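The structure under discussion appears below in the form of structure tokens.
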Amino acid sequence: MKADHGHHLDNPNATTPPPKLELVASVPAPQVPDGAEVMTLLVTLPPGSEGNPPHRHTGPAFGYVISGELLFELEGEPERVIRAGEAFWEPGGDLIHYQDANNLADAETEFVVHMWG
């Protein structure tokens with residue numbers, strides 16, 4: 001069941017059209033560690049970058065690819081390519097994040113990720 005994310009009030013004095021809102025991805029609310037903070041990171045991977053070595057996140061992470069292609073792999077899932085305009089999710093905790101590499105040899109890949117931890 002998708003939540004209703006509508007929160008705008010009509011503006012009878014508006015002189016321009018309202019912003020266009022498009023739901024890119026939605027996941028159930030994650031378990032968040034006690035005392036967690038939320039971080040928003042802008043990550044830029046150089047062409048061909050292998051990204052970070054395998055690692056774990058203490059809490060969930062939700063991201064959006066701005067440009068390029070991200071080669072993404074979580075423990076128990078096949079690797080996949082996430083392209084510009086697509087989102088990704090990982091629950092964090094004991095799950096190993098195996099790959100977050102740039103899938104392009106000739107261009108940067110840029111993404112935003114929100115992490116709880």
Side-chain angles (χ1 to χ4, degrees):
M1 177 180 201
K2 291 195 185 249
D4 178 10
H5 294 286
H7 59 272
H8 294 278
L9 301 175
D10 287 333
N11 181 357
N13 298 321
T15 58
T16 61
K20 178 182 173 187
L21 303 176
E22 179 180 350
L23 180 63
V24 176
S26 178
V27 298
Q31 291 288 342
V32 178
D34 289 338
E37 66 177 334
V38 179
M39 299 169 280
T40 299
L41 304 171
L42 174 61
V43 180
T44 303
L45 298 173
S49 173
E50 295 177 1
N52 288 312
H55 59 280
R56 291 182 171 94
H57 295 282
T58 56
F62 197 74
Y64 178 82
V65 178
I66 298 169
S67 64
E69 297 182 356
L70 183 64
L71 185 60
F72 189 82
E73 182 182 4
L74 296 178
E75 182 177 14
E77 297 180 10
E79 71 179 29
R80 60 190 171 115
V81 175
I82 304 168
R83 293 176 173 79
E86 298 176 345
F88 59 91
W89 157 257
E90 67 178 279
D94 290 335
L95 190 72
I96 299 173
H97 184 150
Y98 284 113
Q99 283 194 77
D100 60 359
N102 186 345
N103 195 47
L104 303 175
D106 59 350
E108 288 184 338
T109 290
E110 190 172 49
F111 62 94
V112 172
V113 63
H114 307 282
M115 298 173 55
W116 288 258

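Here the structure is a predicted model, which means the values were calculated and not measured. Below, each value reflects all heavy atoms present in this structure, side chains not excepted, and no hydrogens, waters or symmetry copies.
Atoms CD and CG, from Glu110 and Leu42 in turn, are 4.5 Å apart once rounded to the nearest 0.5 Å. The structure places CG of Asp100 at 5.5 Å from CZ of Phe111, a figure rounded to the nearest 0.5 Å. One finds the NE2 atom of His57 at 4.0 Å from the CD atom of Glu90 (value rounded to the nearest 0.5 Å). The structure places CD of Glu75 at 8.5 Å from CG of Asp94, a figure rounded to the nearest 0.5 Å. Interatomic distance, CD1 of Ile96 versus CZ of Arg56, reported as 4.0 Å (0.5 Å rounding). Atom OG1 of residue Thr109 and atom CZ of residue Arg83 lie 11.0 Å apart, to the nearest 0.5 angstrom.
Surrounding CG of Asn11 are more than 12 heavy atoms belonging to other residues, nucleotides or ligands, all under 6.0 Å away. Counting heavy atoms of neighbouring residues, nucleotides and ligands inside a 6.0 Å radius, atom CD of Glu77 exceeds 12 of them.
Criterion: ILVMFWY side-chain heavy atoms under 4.5 Å apart, direct or through other members. Under it, Val38 and Val27 are part of a common hydrophobic cluster. A single hydrophobic cluster is not seen to contain both Leu74 and Trp116; linkage of ILVMFWY side chains at heavy-atom distances under 4.5 Å, directly or through other members, places them apart. With hydrophobic clusters built from ILVMFWY side chains whose heavy atoms lie under 4.5 angstrom apart, Met39 shares a cluster with Val113.
Closest non-hydrogen pair, Pro47 versus Ala105, comes out as CB-O, 3.3 Å. The two residues Pro46 and Asn102 have their closest heavy-atom pair at O-ND2, 3.0 Å. Minimum interatomic distance between Ala101 and Glu50 (heavy atoms only, all atoms of both residues): CB-O, 3.6 Å.
Between Glu86 and Val81, every side-chain heavy-atom pair lies at or beyond the 4.5 Å cut-off.
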Between side-chain atoms of residues 58-73 and protein atoms elsewhere (two or more places apart, or another chain), which donor-acceptor pairs fall under 3.5 Å?
residue: Glu69; atom: OE1; partner: Asn103; partner atom: ND2; Å: 2.9
residue: Glu73; atom: OE1; partner: Gln99; partner atom: NE2; Å: 2.9

Legend entry - Trace of the side-chain contact (heavy atoms from CB on, under 4.5 Å) decision for Arg80 with Phe88: CA-CA 10 Å; Arg80 60 190 171 115; Phe88 59 91; 4.2 Å; yes

